[in-house]
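Since this is a predicted model, take the numbers as computed values, not measurements. Values below: all heavy atoms of this structure, side chains included; hydrogens, waters and symmetry mates excluded.
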Amino acid sequence: NISDLNISGSNNLVILQAYKNNLKSIDVSGLKELVYFDVLMNELREVNFSNCPKLTVAAVGGNKLISLNLEGLPSLYTLGCYENNIASLDVSKLAKLEMLECYTNNIATLDLSANTELTTLTCQQNMLTSLNIDNCKKLTKIDCHNNFLEGEADFSSFTALKKLYCGGNRYTSIGVNGCLLLEELSCENTQITALEVSSLSLLTSLIANDCLISKMDCSNNLNLQTLYLQGNPLTELVLADGQRIADLKLDNHDVISYKK
């Protein structure tokens, strides 16, 4: 139950773990040897870990932060700042960033155009109306569900993508045809009227309930084990002859037809 932590003079500190305490503020800025910084689940309103040139991991989630100073962090590759009150996040100077977990905040725009090494992005449950990931072609996981993103979303150029969770947005179309490694796709509660998944032979889970889909063809998705399509105006679901899906949810199973 530590509420105050004074680390002044700790110039050789390499690892700091102080999670699940009652810290209100902490300043580790300028610690040249600090590599790992974990203050998850405190009561932090202020935190300063800027200008730590060797810092690779910063975990500051589960606090009451409204902003972050991310200056002078050339080595940072993991940033966890989820479950705070952050309204704006500038990660443009974090060139080595591979994992960004910023979900459950108040972020309205997120520009990741400079973060070309990013492999994991979890930014769900924010206020996002703009998400720029055009240059993040190494992404294997994107979770942006429950935001305010709208229009046509084309993820086809993300060829390394394995998991995509983009439901609860205002998308009118979602393109995934080029995502040949995709295993899990959730696009529920959107405004899409069609979904093309014929090229996704590795797909095991497809959650697309509460959309506007009238016809769905999953006959090429022979690894599919979970399929949710309830809440759609579905008139036809095409499966391969003999294809069995362990967890299948439909409003009406009479719409199923089998392709030989």
Will you find, in the side chains of S198 and E196, an N or O donor that is under 3.5 Å from an N or O acceptor?
yes
Short side-chain to backbone donor-acceptor contact, N6 and S8, under 3.5 Å
yes
Whether Y103 and Y82 hold their rings parallel, tilted or perpendicular, with breakpoints at 30° and 60°
parallel
If hydrophobic clusters are built by linking Ile, Leu, Val, Met, Phe, Trp and Tyr wherever their side-chain heavy atoms come under 4.5 Å apart, do I107 and L44 end up in the same one?
yes
Is it true that E184 and K162 have a side-chain N and a carboxylate O under 4.0 angstrom from each other?
no
Of all heavy-atom pairs linking C187 and I174, the shortest is CB-CD1, 3.4 Å
Identify which one of L139, N115, T140 satisfies the side-chain contact (heavy atoms from CB on, under 4.5 Å) criterion when paired with L121.
L139
Return yes if a side-chain donor-acceptor contact under 3.5 Å exists between T190 and N169, otherwise no.
no
For the pair N147 (side chain) and C123 (backbone), establish whether a donor and an acceptor sit closer than 3.5 Å, ignoring hydrogens and angles.
yes
Identify whether V238 and L234 are in the same connected component of the hydrophobic contact network (ILVMFWY, side-chain heavy atoms under 4.5 Å).
no
Does a side-chain heavy-atom distance below 4.5 Å link R45 with S25?
no
Quick one: pull up CG in N252 and CG in L229 and give me the separation to the nearest 0.5 Å.
12.0 Å
Residues D4 and K24 bridged, charged N to O under 4.0 Å:
no
Transitively linked via ILVMFWY side-chain contacts under 4.5 Å: V57 with L34?
no
Has the side chain of S92 got a donor or acceptor atom that lies under 3.5 Å from a matching backbone atom of A114?
no
side-chain contact (heavy atoms from CB on, under 4.5 Å), that's the test. Do N135 and L112 meet it? Break it down for me.
CA-CA 8 Å; N135 297 333; L112 304 176; over 6 Å; no
Kindly give the heavy-atom pair with the smallest separation between C166 and C144, and that separation in Å.
CB-SG, 3.7 Å
Walk me through it: do H145 and D143 pass the test side-chain hydrogen bond (donor to acceptor under 3.5 Å, both in side chains)?
CA-CA 6 Å; H145 79 265; D143 191 341; 2.6 Å; yes
Check against side-chain contact (heavy atoms from CB on, under 4.5 Å), T226 and I245
CA-CA 6 Å; T226 300; I245 298 173; 5.8 Å; no
Report yes if some heavy atom in the side chain of T78 is under 4.5 Å from a heavy atom in the side chain of T56; otherwise report no.
no
Between L89 and C81, is there a side-chain heavy-atom distance shorter than 4.5 Å?
yes
Trace of the salt bridge (Lys or Arg N to Asp or Glu O under 4.0 Å) decision for E183 with K163:
CA-CA 6 Å; E183 298 172 357; K163 298 180 179 181; 6.0 Å; no
Any donor-acceptor pair under 3.5 Å linking the side chain of N189 with the backbone of G168?
no
Do D247 and L227 have side-chain heavy atoms sitting under 4.5 Å apart?
no
Do you know which two heavy atoms are closest between C52 and G30, and how far apart they sit?
SG-N, 3.9 Å
Exercise: identify the closest heavy-atom pair between L16 and L5
CD1-CD2, 4.1 Å
I133 vs F158 side-chain heavy atoms within contact, under 4.5 Å
yes
L195 versus L206, closest heavy-atom pair with distance
CD2-CD1, 3.8 Å
How many angstroms lie between atom CD1 of I256 and atom CG of L250, to the nearest 0.5 angstrom?
5.5 Å
Whether the side chain of N209 engages the backbone of G231 through a donor-acceptor N/O pair (distance < 3.5 Å, no angle test) should be reported.
no
Can you measure from OG (S75) to NZ (K96) and round to the nearest 0.5 angstrom?
5.0 Å
Whether the side chain of N232 engages the backbone of L212 through a donor-acceptor N/O pair (distance < 3.5 Å, no angle test) should be reported.
yes
Do the side chains of Y228 and M216 join up, straight or via other hydrophobic residues, at under 4.5 Å, putting them in one cluster?
no
Point-to-point distance, once rounded to the nearest 0.5 Å, from CG of L94 to CG of L100
8.5 Å
Give a yes or no answer on whether the side chain of N105 reaches the backbone of N84 with a donor-acceptor pair at less than 3.5 Å.
yes
For the pair E152 and T172, evaluate side-chain contact (heavy atoms from CB on, under 4.5 Å) and give the outcome as yes or no after the intermediate values.
CA-CA 6 Å; E152 299 178 354; T172 55; 3.9 Å; yes
Enumerate the salt bridge (Lys or Arg N to Asp or Glu O under 4.0 Å) contacts for residues 113-141, please, sequence neighbours excluded, ordered by first and then second residue.
E117-K138
Apply the test side-chain contact (heavy atoms from CB on, under 4.5 Å) to residues L222 and N220: give CA-CA distance (whole Å), side-chain angles for both, the deciding distance (0.1 Å), then the verdict.
CA-CA 6 Å; L222 300 182; N220 288 339; over 6 Å; no
Does V28 reach the side chain of N48, with side-chain heavy atoms less than 4.5 Å apart?
no
Separation of C218 SG from Q243 CD (nearest 0.5 Å)
7.0 Å
Honestly curious: do L65 and L40 fall in one hydrophobic cluster under the side-chain, below-4.5 Å linking rule?
no
Under 3.5 Å, is there a donor-acceptor pair linking the side chains of T120 and E98?
no
Indicate yes or no for a side-chain donor-acceptor contact from D241 to the backbone of K259 under 3.5 Å, with no hydrogens or angles considered.
no
Which value, rounded to the nearest 0.5 Å, describes the distance between L185 atom CG and I207 atom CD1?
9.0 Å
Is there a donor-acceptor pair under 3.5 Å between the side chain of N42 and the backbone N or O of A18?
yes
Check whether any side-chain heavy atom of L239 lies under 4.5 Å from a side-chain heavy atom of L237, and answer yes or no.
yes
Is a side-chain N or O of N63 found less than 3.5 angstrom from the main chain of V39, in a donor-acceptor match?
yes
Quick one, F49 and L31 - any side-chain contact, counting heavy atoms below 4.5 Å?
no
Could you pull out the closest heavy-atom pair between D111 and V91, with the gap in Å?
O-CG2, 4.3 Å
For E71 and K93, run salt bridge (Lys or Arg N to Asp or Glu O under 4.0 Å): C-alpha distance rounded to whole Å, both residues' side-chain angles, the deciding distance at 0.1 Å, then the answer.
CA-CA 7 Å; E71 296 287 333; K93 296 181 180 179; 3.0 Å; yes
Between the side chains of T104 and E83, does any donor sit under 3.5 Å from an acceptor?
no
